[in-house]
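For reference, the structure is listed below as structure tokens.
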Amino acid sequence: MTALVGIALTSIFVQNFVLVKFYGICPFLGVSKKLDTALGMGMAVTFVMTLASMLTWACQKFILVPLDMEYMQTIAFIVIIAALVQFVEMFLQKSIPSLYSALGIYLPLITTNCAVLGVALLNVRTASVINLLGTYTLIESVVNGFSAGIGFLLAIVLFAGVRERLESSDIPKALQGFPIALISASLLAMAFMGFQGMSF
């Protein structure tokens, strides 16, 4: 149990996919103008990361390794992620059309979001604390995927809050818009660097 908590805290804070590893920057910058859209995107990415972690681990363990087809890993994982994103897209279009239209082009881009593919690849390549012989177990993979999604959600919601405050701030003309967003993102990333000394 302690190892799972360590994996979760490391994925959320110490090795945050957006602010430390810089994966998934496209939706992070593109969908973070409003807090509600950022929250919706963060939840969608968390859902996809969690399910993708479980399905890609199973695909690796029960299909690719037994058939000696590990070289197909990236393609297989992208197909699984694309199917999950299609499912999320259809669900949001039917259930929450306002969020579906607010996310716009960024929803299908979850398919090519390197954070989602990155967590799936890291799950099958990272040495496990519990399983000393190899990669993460299924439970560890799911915890890591869910935690990485929560880390993405935390980063994008914090950044959206900062960007909403910037709307009413007096910013020099040369820095208005995207430049101040990049400066804010870098300051947020520097704040998360404070977790680097922690070990779980």
Side-chain angles (χ1 to χ4, degrees), residues 8 11-13 15-55 77-78 80-120 142 144-193 195:
S11 294
I12 295 170
F13 298 110
Q15 293 295 322
N16 186 288
F17 270 69
V18 178
L19 298 173
V20 175
K21 294 185 178 182
F22 305 112
Y23 296 160
I25 294 293
C26 176
F28 175 72
L29 292 172
V31 187
S32 58
K33 291 180 183 172
K34 299 286 179 206
L35 199 55
D36 53 345
T37 350
L39 186 64
M41 175 59 107
M43 290 191 310
V45 168
T46 302
F47 177 76
V48 170
M49 274 187 175
T50 306
L51 279 182
S53 295
M54 182 172 50
L55 294 176
F77 287 6
I78 288 174
I80 291 168
I81 292 165
L84 283 172
V85 171
Q86 190 64 36
F87 170 73
V88 170
E89 197 172 352
M90 290 186 311
F91 173 77
L92 288 178
Q93 191 173 15
K94 288 267 190 202
S95 305
I96 316 169
S98 59
L99 180 60
Y100 173 79
S101 57
L103 292 175
I105 187 67
Y106 293 100
L107 187 58
L109 282 179
I110 295 175
T111 303
T112 56
N113 186 343
C114 56
V116 180
L117 180 60
V119 79
V142 171
N144 188 44
F146 177 73
S147 303
I150 294 296
F152 182 89
L153 174 68
L154 176 67
I156 199 169
V157 166
L158 286 173
F159 190 52
V162 169
R163 287 185 82 175
E164 282 191 352
R165 297 256 340 224
L166 288 173
E167 292 291 323
S168 59
S169 300
D170 186 24
I171 299 165
K173 186 148 181 73
L175 295 177
Q176 289 177 0
F178 202 63
I180 195 67
L182 290 176
I183 292 169
S184 303
S186 63
L187 291 172
L188 194 58
M190 286 175 64
F192 267 70
M193 285 176 65
F195 294 112

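Bear in mind the structure is a predicted one, so any value in this text is a computation, not a measurement.
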Side chains of [X] and [Y] in contact at under 4.5 Å (non-hydrogen atoms):
X      : Y      : result
Ser53  : Asn144 : no
Ser184 : Arg163 : no
Val45  : Pro27  : no
Leu29  : Phe159 : yes

If you compare all heavy atoms of [X] against all heavy atoms of [Y], which two are closest, and at what distance to 0.1 Å?
X      : Y      : answer
Glu89  : Tyr100 : CG-CE1, 3.4 Å
Cys114 : Gly24  : SG-N, 3.3 Å
Ile12  : Ser147 : CG1-O, 3.3 Å
Ala148 : Ser11  : N-CB, 3.8 Å
Ala38  : Ser32  : CB-CA, 4.3 Å
Val116 : Val119 : O-CG1, 3.2 Å

Nearest-0.5 Å distance, [atom1] of residue [X] to [atom2] of residue [Y]:
X      : Y      : atom1 : atom2 : answer
Ser101 : Ile96  : OG    : CD1   : 11.0 Å
Leu84  : Met49  : CG    : CE    : 12.5 Å
Tyr23  : Asn16  : OH    : CG    : 12.0 Å
Gln176 : Glu167 : CD    : CD    : 9.5 Å
Lys33  : Leu166 : NZ    : CG    : 12.5 Å
Leu187 : Leu19  : CG    : CG    : 11.5 Å

In terms of heavy-atom contacts, does [atom1] of [X] have more than 12 from other residues, nucleotides or ligands at under 6.0 Å?
X      : atom1 : value
Phe146 : CZ    : no
Lys21  : NZ    : yes
Met90  : CE    : yes

**Q.** Criterion side chain to side chain contact (heavy atoms under 4.5 Å, CB included) against Leu158, the qualifying member of Leu153, Val18, Leu188
**A.** Leu188
Q | Identified side chain to side chain contact (heavy atoms under 4.5 Å, CB included) counterpart of Ile81 within the set Leu55, Asn113, Leu117, Leu51 | A | Leu117
Q) Judged by atom type as modelled, is there a donor-acceptor pair below 3.5 Å linking the side chain of Thr111 to the main-chain atoms of Ala82? A) no
Q.
Under a 3.5 Å distance rule, please check whether Ser168 uses its side chain to pair with a backbone N or O of Arg165 as donor and acceptor.
A. yes
Q. Which of parallel (below 30°), tilted (30 to 60°) and perpendicular (above 60°) describes Phe13 and Phe192?
A. parallel
(Q) For Ile110 and Met41: C-alpha separation, side-chain torsions, deciding distance, then whether side chain to side chain contact (heavy atoms under 4.5 Å, CB included) applies. (A) CA-CA 9 Å; Ile110 295 175; Met41 175 59 107; 3.8 Å; yes
Q: Measure from the ring center of Phe152 to the ring center of Phe17 and say whether it is less than 6.0 Å.
A: no
